[in-house]
Amino acid sequence: MASSIKNVMLLDSGAYDCGVCQCPLKPPIFQMVCSECSEKMAAAETCHVCRRTLAGGYKRCYGAEHIVESLRVPCPNKAYGCSFMLARYDESVHLQVCQYPPFHCPAEDCVFIIGDQPALLEHFRNTHKWPSTTVHCIVSNSATRPTPTGTNLALVDGFNVLNIIPSGPVILKVTRESCGRVITLIKVGRAGRRAKRCRFMLVYETPCGTHRLEYAFNNMASTNPSLTGGGLSTTDDHFNFVVPNSSLLIAKD
């Protein structure tokens, strides 16, 4: 008769990893070795642990498969609202589609992580003192998307926050370069998630007149916690506007 076991604690999750590649085991399992590793080691004809001869190679272990399939672990984003229980070997796949990844602060060396976007914006204002501007997009009942609006911003070197309602916040990072100012656009999103289609236009003046730079993109990069020293994504994932020194001289007059 089957019985229910509660409050089970797994002291060593590595016990259910492949003995060769150390990845979480998933069926089919061959003597605590994953299928890929068992195929690679078939020519050796010896056990990777005790070095004894294996007649016919690694044998499939249905008992281990049953145990692995029976184990369920909480999503790593449980603290941020995800209640999904999954097989340990499915963790990486689930994290790609999880609806509750946390928000990471993109500041260098800042380890602030939160599951609530308004709290992240408050962190920007109160902890880092980043300039913050809120703009509202016009949304009509018949429209399928917000109507774009323009706003004048006095950007400073470093991080500037533009909170677009209802689309969400965007960071404009201003960096000094020899040619002028480089303005980097980064969508403040959940880790691993991609933003929807966005369109930005930068307008500035030079001695030759007014210039407009426009860039539209389907997947604006978001903050990325996997990078060392901050949560900004790689330069290949976002777009830079360049404001030349000539226009900066006009702005000072």
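Worth saying up front: this structure is predicted, and the values here are computed from it rather than measured.
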Worksheet item: In terms of hydrophobic clustering (I, L, V, M, F, W, Y; side-chain heavy atoms under 4.5 Å; direct or indirect links), are Ile29 and Ile67 co-clustered?
Response: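 Yes, because Ile29 and Ile67 connect within a single hydrophobic cluster, where side-chain heavy atoms sit under 4.5 Å apart.
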Discussion item. Assigning hydrophobic clusters by single linkage (Ile, Leu, Val, Met, Phe, Trp, Tyr; side-chain heavy-atom cutoff under 4.5 Å), is Val93 placed with Val68?
Written reply: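 Hydrophobic grouping puts Val93 apart from Val68.
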Fill in: Student check: side-chain heavy atoms of Cys75 and Leu95 closer than 4.5 Å
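Result yes, sub-4.5 Å side-chain heavy-atom pair found.
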Practice prompt. Compare all side-chain heavy atoms of Cys105 with those of His123 and state whether any distance is below 4.5 angstrom.
Written response: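 SC-SC contact between Cys105 and His123 confirmed.
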Practice prompt. For Cys23, enumerate each residue passing the side chain to side chain contact (heavy atoms under 4.5 Å, CB included) test, keeping only those at least two apart in sequence or located in another chain.
Written response: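 Scan of Cys23 (side chain to side chain contact (heavy atoms under 4.5 Å, CB included), adjacent residues dropped) gives Cys21.
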Worksheet entry | Partner residues of Asp157 under the side chain to side chain contact (heavy atoms under 4.5 Å, CB included) criterion, sequence neighbours left out |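 For Asp157, the residues satisfying side chain to side chain contact (heavy atoms under 4.5 Å, CB included) (neighbours in sequence not counted) are Val174, Arg176, Arg181.
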What is the distance from atom [atom1] of [X] to atom [atom2] of [Y], rounded to the nearest 0.5 Å?
| X | Y | atom1 | atom2 | answer |
| --- | --- | --- | --- | --- |
| Glu39 | Cys34 | CD | SG | 9.0 Å |
| His136 | Ile164 | NE2 | CD1 | 11.5 Å |
| Met32 | Tyr16 | CE | OH | 7.0 Å |
| Thr133 | Leu155 | OG1 | CG | 8.5 Å |
| Cys37 | Gln22 | SG | CD | 9.0 Å |
| Gln96 | Cys98 | CD | SG | 11.5 Å |

To check you understand the geometry: which heavy-atom pair defines the closest contact between [X] and [Y], and what is its length?
| X | Y | value |
| --- | --- | --- |
| Phe103 | Leu120 | CB-CD2, 3.7 Å |
| Pro106 | Ile171 | CG-CD1, 3.3 Å |
| Glu69 | Pro27 | OE2-CG, 3.3 Å |
| Pro102 | Ile113 | CB-CG2, 3.4 Å |
| Phe159 | Pro131 | O-CD, 3.4 Å |
| Pro74 | Leu86 | C-CD2, 4.1 Å |

Worksheet item: Could Asp17 and Arg88 be called an ion pair, given the rule that one side-chain N must be under 4.0 Å from one carboxylate O?
Response: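 Salt bridge between Asp17 and Arg88, a charged N being under 4.0 Å from a carboxylate O: yes.
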Listed by chain and number, what are the ring-ring contact (aromatic ring centres under 6.0 Å, His included) partners of [X], not counting sequence neighbours?
| X | result |
| --- | --- |
| Tyr89 | none |
| Phe30 | none |
| Phe84 | His94 |

Worksheet item: Does Glu122 have any salt bridge (charged side-chain N to carboxylate O under 4.0 Å, His left out) partners at least two apart in sequence or in another chain, and if so, which?
Response: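 Counting only residues at least two positions away or on another chain, Glu122 forms no salt bridge (charged side-chain N to carboxylate O under 4.0 Å, His left out).
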Worksheet item: Under 30°, 30 to 60°, or over 60°: which ring-plane class applies to His128 and Trp130, parallel, tilted or perpendicular?
Response: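 Answer is parallel, since the angle falls under 30°.
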Practice prompt. Please check if the side chain of Asn160 supplies one atom and the backbone of Leu172 the other of a donor-acceptor pair under 3.5 Å.
Written response: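 It does hold such a pair.
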